[in-house]
Amino acid sequence: MSRVMSRRRWLHLAGGTLASLGIAGRLYAAPQSGPRFLLVFLRGGYDATNTLIPYSSDFYYEARPTIAIPRPDPSTDTGAVALDADWALAPALRESIGALYQQRQVAFVPFTGTPDLSRSHFETQDSIELGQPLEGPRDYRSGFLARLHSALTSEGPAGSAAISFTDALPVALQGPDHIPNISLRNVGKPPFDDRQMRIISGMYTGHPLEPAVASGLELRREVAQTMQTLSDEMRSSGRDALSIKGFELEAERIARLMRDEYRIGFVDIGGWDTHVNEGAAQGALATNLTGLGGGLAVLAQSLGAEWKNTVVVVVSEFGRTFRENGNRGTDHGHGTVYWILGGSVSGGRIVGEQRALARGTLFQDRDYPVLNDYRAVLGGLFRSLWSLTPAQSAQIFPQIPPIDLQLV
């Protein structure tokens, strides 16, 4: 008993768990080609209304007297980028997402979200990541990406390797399978030095978990080496490879691992809670969008030929109020806009159920309504990507039939 307790205590103090060591991360080899899916979670509730701008709505400009983004104007770069007769893109995304949209590699799904009405960051984030019915008990050990992984693994492990690019395993990947999480914050720095690895390996000598622990330690070492190699490459090209604050830097590393090793990925980005001084064409939100868009463009480029096999979905726990508040910001809302990106995505479109935005069409006179349940949208993507059976779809998102938006 004392040996087991000391082993557990060491792993805790070293900042690791069996899952975070990557156990089962190398029990099979992923094929060179096949569908890839990356979920990008914007934590904080990003302002979709100043990202995909409903510029045909006069009420938008009435409701946002200081933070509305000007209507499209070819003579200036401060106006929105027209996508169709109703919708435009924030100018901060012109060169990144706008370019991919013109290549028909991006689609937007407005009026999307969860029926959860708590407007609480943590509760709604959990609700999204669980993907379970709101009525009845919730199982916090069963996230929807974990269920997707299990459904694919049950038909054979090849092509279903999953990873989270986060400090801790997110709710979305909580489940019975051992899924690794790799923090990119300390890129190039192994989680354990050689002495610590020898101690951990020695603790499990002769233990049934010895092969799994050895595999997990080797995975972490290899990832650290890969990331350091990439840092060296970036340094030689003149970029500040030692900084990992920007999503653009993380995106290239994520692309390398998704291209070579993994088929299901998760990453989250914070800083989207814009209650005060949100800005319009320029400002706090625009700065965040510039970094996000640039990172996604880098991801697409870095995936190379495998970009055609990849689907990236950008989500947030909820949208924000349609009207600006007294602090030139926006408060917690309801419906939002999802982004669907990929080399083979049938993009260049605004898809899903929609309605004109006016005072009388807002939800509770304040928010975007949810007309497209996110579980149905994602369920449809998963079914198309992996040719899932009805039973598998029901396993991933119980009680919500998938909808086919013909995106892949």
Side-chain angles (χ1 to χ4, degrees), residues 39-54 57 59-69 90 92 108-135 138 140 143-144 170-172 267-280 283-289 291-292 313-339 352-355 357-375 377-378:
L39 187 75
V40 179
F41 202 120
L42 308 183
R43 297 198 187 275
Y46 90 107
D47 185 15
T49 310
N50 265 19
T51 302
L52 185 67
I53 297 101
S57 168
F59 184 58
Y60 166 74
Y61 293 95
E62 177 186 336
R64 297 186 169 211
T66 68
I67 67 170
I69 295 180
F108 295 101
V109 192
F111 305 99
T112 304
T114 170
D116 189 309
L117 290 175
S118 68
R119 292 193 175 89
S120 159
H121 288 302
F122 301 122
E123 183 171 337
T124 314
Q125 287 171 14
D126 286 350
S127 179
I128 292 283
E129 294 187 57
L130 289 172
Q132 300 170 17
L134 294 182
E135 302 77 17
R138 293 186 179 183
Y140 284 85
F144 79 84
V171 172
V267 64
D268 52 11
I269 306 170
W272 301 93
D273 199 13
T274 51
H275 286 285
V276 179
N277 295 328
E278 177 180 310
L285 176 65
T287 299
N288 278 359
L289 290 175
L292 174 63
V313 177
V314 179
V315 310
S316 198
E317 63 263 36
F318 42 60
R320 305 193 74 82
T321 48
F322 198 75
R323 297 176 180 85
E324 67 177 82
N325 61 27
N327 295 315
R328 297 188 177 185
T330 51
D331 298 320
H332 299 177
H334 189 42
T336 186
V337 178
Y338 279 24
W339 313 7
E353 186 178 348
Q354 303 171 40
R355 69 174 55 163
L357 284 164
R359 186 187 303 273
T361 61
L362 296 183
F363 176 74
Q364 296 182 349
D365 192 37
R366 53 172 282 164
D367 305 320
Y368 267 59
V370 171
L371 307 178
N372 305 289
D373 191 300
Y374 82 98
R375 295 167 295 180
V377 173
L378 293 179

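What you see below is based on every heavy atom in this structure, not just the backbone, and it leaves out hydrogens, waters and symmetry mates.
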Original post:
Would one find more than 12 heavy atoms of other residues, nucleotides or ligands at under 6.0 Å from atom CZ of Arg366?
Top reply: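 Counting neighbours around CZ of Arg366, more than 12 heavy atoms of other residues, nucleotides or ligands fall under 6.0 Å, so yes.
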
Subject >> Ring centroid separation Tyr368 to His334 under 6.0 Å >> reply: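 No, too far apart.
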
Original post:
Taking the six-membered ring for Trp, are Phe322 and Phe59 ring centroids under 6.0 Å apart?
Top reply: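 Judged by ring-centre distance (under 6.0 Å), Phe322 and Phe59 do meet the cut-off.
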
Subject >> Glu317 side chain vs Gly45 backbone, donor-acceptor pair below 3.5 Å >> reply: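 Present.
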
**OP:** Keeping the roles fixed (side chain from Arg43, backbone from Gln125), state whether a donor-acceptor pair exists under 3.5 Å.
**Re:**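 Here the side-chain-to-backbone pair does not exist.
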
Subject >> Among Asp365, Thr330, Thr49, side chain to side chain contact (heavy atoms under 4.5 Å, CB included) partner for Arg323 >> reply: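 Output: one option passes, namely Asp365.
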
Original post:
Partners of Glu353 by side chain to side chain donor-acceptor pair (under 3.5 Å), sequence neighbours excluded?
Top reply: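 None.
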
Is it the case that [X] and [Y] place a side-chain donor and acceptor less than 3.5 Å from each other?
{"X": "Arg320", "Y": "Asn50", "value": "no"}
{"X": "Ser118", "Y": "Thr124", "value": "yes"}
{"X": "Asp331", "Y": "His275", "value": "yes"}

[X] side, atom [atom1]; [Y] side, atom [atom2] - distance, nearest 0.5 Å:
{"X": "Thr274", "Y": "Tyr46", "atom1": "OG1", "atom2": "OH", "answer": "11.5 Å"}
{"X": "Asp47", "Y": "Trp272", "atom1": "CG", "atom2": "CH2", "answer": "10.5 Å"}
{"X": "Thr112", "Y": "Arg375", "atom1": "OG1", "atom2": "CZ", "answer": "12.5 Å"}

Original post:
How would you list, by chain and number, every residue that makes a ring pair (Phe, Tyr, Trp, His ring centres under 6.0 Å) with Tyr374, sequence neighbours excluded?
Top reply: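 Scan of Tyr374 (ring pair (Phe, Tyr, Trp, His ring centres under 6.0 Å), adjacent residues dropped) gives none.
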
